[in-house]
Amino acid sequence: MSQLCKHLELSRVRVVASSHTCLPVALTLDADTGRCAFINNGAAGMPNFCGTQFGLMTRISARPAKDALYRAVIDGVYVEAIPIDFDPDTWLAHFRERWPQGSAAHASYFERMKAGPGYLLSSAVREGFRIVTSQATIG
């Protein structure tokens, strides 16, 4: 058994949700105490997938969301990634005001803000999660 499974069992944790590590990822694993889920939304305020213009939020609920991109179910609890729409033009204008061309933030994030990173939806969805969106063109 992995160290991670041992930590989950000792802490009696079944779902770990983290946030804002640049790129999203979601997976499950089986521990002696049952199936566990790990989900990271990537970024709420900028695109997470190639060719997209929305952020992501993690949702944990007793009911499934209609607009989930992907999900896992842990003992009847839905662990999901939900798109967050924003106005890309307004956000880019705001971004340019604060981080003009030549700044470190502009160099790191401007292209991602325009067209998303070179990261596919299928890259985020790992073992145990499944894509549930009907938007087949994402990433």
Side-chain angles (χ1 to χ4, degrees):
M1 176 187 333
S2 75
Q3 281 296 112
L4 185 54
C5 286
K6 288 179 187 176
H7 288 296
L8 291 170
E9 290 168 2
L10 290 172
S11 61
R12 297 184 207 168
V13 171
R14 300 292 296 283
V15 177
V16 175
S18 62
S19 175
H20 302 287
T21 60
C22 290
L23 295 174
V25 67
L27 64 97
T28 66
L29 60 90
D30 292 315
D32 288 345
T33 53
R35 193 161 153 223
C36 302
F38 295 88
I39 188 166
N40 182 293
N41 71 304
M46 70 174 123
N48 288 278
F49 305 114
C50 184
T52 65
Q53 288 291 308
F54 58 82
L56 284 180
M57 170 183 77
T58 296
R59 179 177 184 271
I60 302 170
S61 179
R63 295 189 177 102
K66 293 178 183 174
D67 59 346
L69 296 177
Y70 49 89
R71 76 169 52 107
V73 182
I74 305 295
D75 290 342
V77 175
Y78 293 83
V79 182
E80 304 170 310
I82 308 295
I84 299 174
D85 290 322
F86 56 86
D87 178 348
D89 294 332
T90 300
W91 177 229
L92 278 174
H94 178 79
F95 182 89
R96 282 188 195 110
E97 286 174 13
R98 279 144 186 83
W99 298 288
Q101 190 168 4
S103 68
H106 190 282
S108 295
Y109 295 111
F110 186 73
E111 289 303 316
R112 177 176 176 170
M113 299 298 296
K114 286 185 358 186
Y119 193 70
L120 302 176
L121 177 66
S122 59
S123 300
V125 180
R126 310 284 172 90
E127 185 173 333
F129 274 77
R130 64 185 180 87
I131 296 172
V132 295
T133 185
S134 60
Q135 301 176 28
T137 60
I138 296 176

Which heavy atom in [X] sits nearest to a heavy atom in [Y], and how many Å separate them?
X    : Y    : answer
Q53  : A115 : NE2-N, 3.8 Å
G118 : C50  : CA-CB, 4.4 Å
I74  : C36  : CD1-C, 4.0 Å
N48  : Y119 : O-CD2, 3.5 Å
S122 : I131 : CA-CD1, 4.4 Å
P117 : P47  : CD-O, 3.6 Å

Students often mix this up, so state it plainly: with edges at 30° and 60°, are the rings of F95 and W99 parallel, tilted or perpendicular? tilted

Salt bridge (charged side-chain N to carboxylate O under 4.0 Å, His left out) contacts in which one or both residues fall within residues 76-85, not counting sequence neighbours: R59-E80, R71-E80

Main-chain N/O of [Y] paired to [X] side chain as donor or acceptor, under 3.5 Å:
X    : Y    : result
R12  : E9   : no
N41  : L56  : yes
T28  : F129 : no
R14  : A37  : no
S103 : P100 : yes

Assess whether atom CZ of F110 is packed by more than 12 heavy atoms of other residues, nucleotides or ligands within 6.0 Å. yes

Same cluster or not: [X] versus [Y], using hydrophobic residues (I, L, V, M, F, W, Y) connected whenever any side-chain heavy atoms lie under 4.5 Å apart?
X    : Y    : answer
F86  : Y109 : yes
Y70  : V15  : yes
V25  : I82  : no
V125 : V77  : yes
L27  : V16  : yes

Determine, step by step, whether T133 and L121 satisfy the side-chain contact (heavy atoms from CB on, under 4.5 Å) criterion, reporting the C-alpha distance in whole Å, the side-chain angles of both residues, the deciding distance to 0.1 Å, and the verdict. CA-CA 10 Å; T133 185; L121 177 66; 4.2 Å; yes

Below 4.5 Å, heavy atoms only, C-beta onward: do [X] and [Y] meet side chain to side chain?
X    : Y    : answer
S19  : T58  : no
E127 : L29  : no
L23  : R112 : yes

Once you round to the nearest 0.5 Å, how far does [atom1] of [X] lie from [atom2] of [Y]?
X   : Y   : atom1 : atom2 : result
D67 : F54 : CG    : CZ    : 10.5 Å
I60 : Y78 : CD1   : OH    : 14.5 Å
M57 : L69 : CE    : CG    : 10.5 Å

